[in-house]
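Okay, so here's the structure we're looking at.
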Amino acid sequence: MNQSMSETILPTSFFQRSTELVAQELLGKLIFSTLDNAYIVVRIVETEAYGDEHDAASHAAFGKKKRNDAMFGPVGHTYVYLSYGIHFCLNIVARESGVTSGGVLIRAVEPLKGLQTIHKRRGSVEGFNLTNGPGKVGQALGLGLAHNHIPLFCQNSPLTVTTDPHCSSSSIIKSTRIGISRNVHAPWRFYLKDNQWVTPKR
DNA sequence: CACCCGATTATCT
DNA sequence: GATAATCGGGTGT
């Protein structure tokens with residue numbers, strides 16, 4: 001058991017709703033990781049929704065392939081992909097019933113526990129740069145392709161997502177997604193207002 | 001099969 | 001601001 005009594009693991013029904021809604025509702029939730037014998041807790045502060053074949057910016061836009069098959073699989077599972085040949089990025093599969101595919105990219109988190117391990121994995125990086133980007137999140141959590149297709153709703157899973165009873169509610173800012181060239185106008189990026197851990201502007 | 005480029009980041013200048 | 005690192009999919013030959 002990773003989490004204490006007051007934190008509740010999100011059930012599969014949480015992820016069985018529209019990808020955009022789940023992306024917003026995941027803000028403020030906690031990710032518990034026991035991967036690689038390390039105990040890490042982070043709070044989600046920035047997400048992006050990626051849809052089915054109708055969303056040209058989504059990996060699912062060209063249909064189901066070996067790389068992206070998790071997006072077509074059961075909701076509440078991980079979709080981990082290799083970005084730019086270097087970075088492992090974490091998505092949570094979410095979609096309403098009747099939709100073929102969809103996932104929520106975890107773009108940034110606020111580290112709460114396991115700072116020593118995160119520092120070790122992130123190297124010489126300091127401060128907000130520890131986890132204020134999707135590739136940084138993957139590295140901090142110790143993710144690799146081996147962690148694709150992992151269920152997030154099981155007590156004994158190395159990765160779980162829970163409520164955060166101690167987190168005060170913050171305003172959600174809605175904007176366009178980062179780093180894409182297609183379907184650029186869809187307002188499917190969400191982050192907590194005034195949170196220091198969101199991706200900095202370039 | 002070759003070429004292009006991406007849901008990125010660290011490290012230069 | 002610019003660029004390298006690095007790999008897998010898309011596109012066209």
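Numbers restart at 1 for each chain; the letters A, B, ... are given by sequence-line order, proteins then strands.
- The closest donor-acceptor contact from the side chain of A:H119 to the backbone of A:Q116 lies at 3.5 Å or more, if one exists at all.
- Between A:R182 and A:N132, the residue whose closest nucleotide on DNA chain B is further toward the 5' end is A:R182.
- Across all strands shown, A:N91 has heavy atoms under 4.0 Å from base atoms, whether or not it also approaches the sugar-phosphate.
- Taking only side-chain nitrogens and oxygens, A:H59 comes nearer than 4.0 Å to OP1 or OP2 of B:dA7.
- Nucleic acid contact class of A:I180 (heavy atoms, under 4.0 Å, all strands): sugar-phosphate only.
- Rounded to an integer number of Å, the gap from A:L105 CG to B:dG6 C1' is 13 Å.
- Distance from the side chain of A:K136 is smallest for B:dT9 among the nucleotides B:dG6, B:dA7, B:dT9.
- For the pair A:Y50 and B:dA7, the ring geometry qualifies as stacking, because the centroid separation is below 5.5 Å while the planes lie within an angle under 30°.
- Atom-to-atom, NZ of A:K65 to P of B:dG6 comes out at 18 Å; the value is rounded to the nearest Å.
- Both key distances under 3.5 Å define a Watson-Crick or G-U pair, and stretches of 3 or more such consecutive pairs in DNA chain B run B:1-6 with C:7-12, B:8-12 with C:1-5.
- With C1' as the reference atom, C:dG1 and B:dA7 are 23 Å apart, rounded to whole Å.
- Remark: P of B:dT8 and CG of A:L143 are 16 Å apart, rounded to the nearest angstrom.
- Residue A:H87 is the one, among A:H87 and A:G63, whose nearest nucleotide of DNA chain C lies closer to the 5' end (criterion: closest heavy atom).
- The aromatic rings of A:Y39 and A:F32 sit tilted, their planes meeting at an angle between 30° and 60°.
- Without hydrogens or angle criteria, A:E48 side chain to A:R107 main chain gives no donor-acceptor distance under 3.5 Å.
- For the pair A:E48 CD and B:dA7 P, the interatomic distance rounds to 10 Å; values are reported in whole Å.
- Between A:K120 and A:D36 there is no salt bridge, since no side-chain N of the basic residue sits under 4.0 Å from a carboxylate O of the acidic one.
- No donor-acceptor distance shorter than 3.5 angstrom exists from the side chain of A:R121 to the backbone of A:G138, with no hydrogens or angles considered.
- A:L115 and A:I31 fall within a single hydrophobic cluster, where Ile, Leu, Val, Met, Phe, Trp and Tyr side chains are chained together by heavy-atom contacts under 4.5 Å.
- Rounded to whole Å, atom C1' of B:dA7 lies 13 Å from atom CZ of A:F62.
- Atom pair A:N129:CG and B:dT8:P shows a separation of 15 Å (rounding to whole Å applied).
- In summary, contact between chain A and DNA chain C, defined as any nucleotide atom under 4.0 Å from a heavy atom of the protein, begins and ends at C:dA5 to C:dT11 in the 5' to 3' direction.
- Computed from coordinates, the A:I178 CD1 to B:dG6 C1' distance equals 15 Å when rounded to whole Å.
- Between A:F88 atom CZ and B:dT9 atom P there is a gap of 14 Å when expressed in whole angstrom units.
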Take A:R43 and A:D164 through the test salt bridge (Lys or Arg N to Asp or Glu O under 4.0 Å) and record every step on the way to the result.
CA-CA 8 Å; A:R43 177 185 293 121; A:D164 180 8; 2.8 Å; yes
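- A:W188 pairs in a side chain to side chain contact (heavy atoms under 4.5 Å, CB included) with only one of the listed residues (A:T176, A:L105, A:D55, A:T19), which is A:D55.
- Atom CG in A:L141 sits 6.0 Å away from atom CD1 in A:I40 (nearest 0.5 Å).
- Not one side-chain nitrogen or oxygen of A:R122 sits closer than 4.0 Å to the OP1 or OP2 atom of B:dT9.
- At least one donor-acceptor pair under 3.5 Å links the side chain of A:S157 to the backbone N or O of A:L159.
- Heavy-atom distances to DNA chain B give each of A:V125 and A:R67 a nearest nucleotide, and the one nearer the 5′ end belongs to A:R67.
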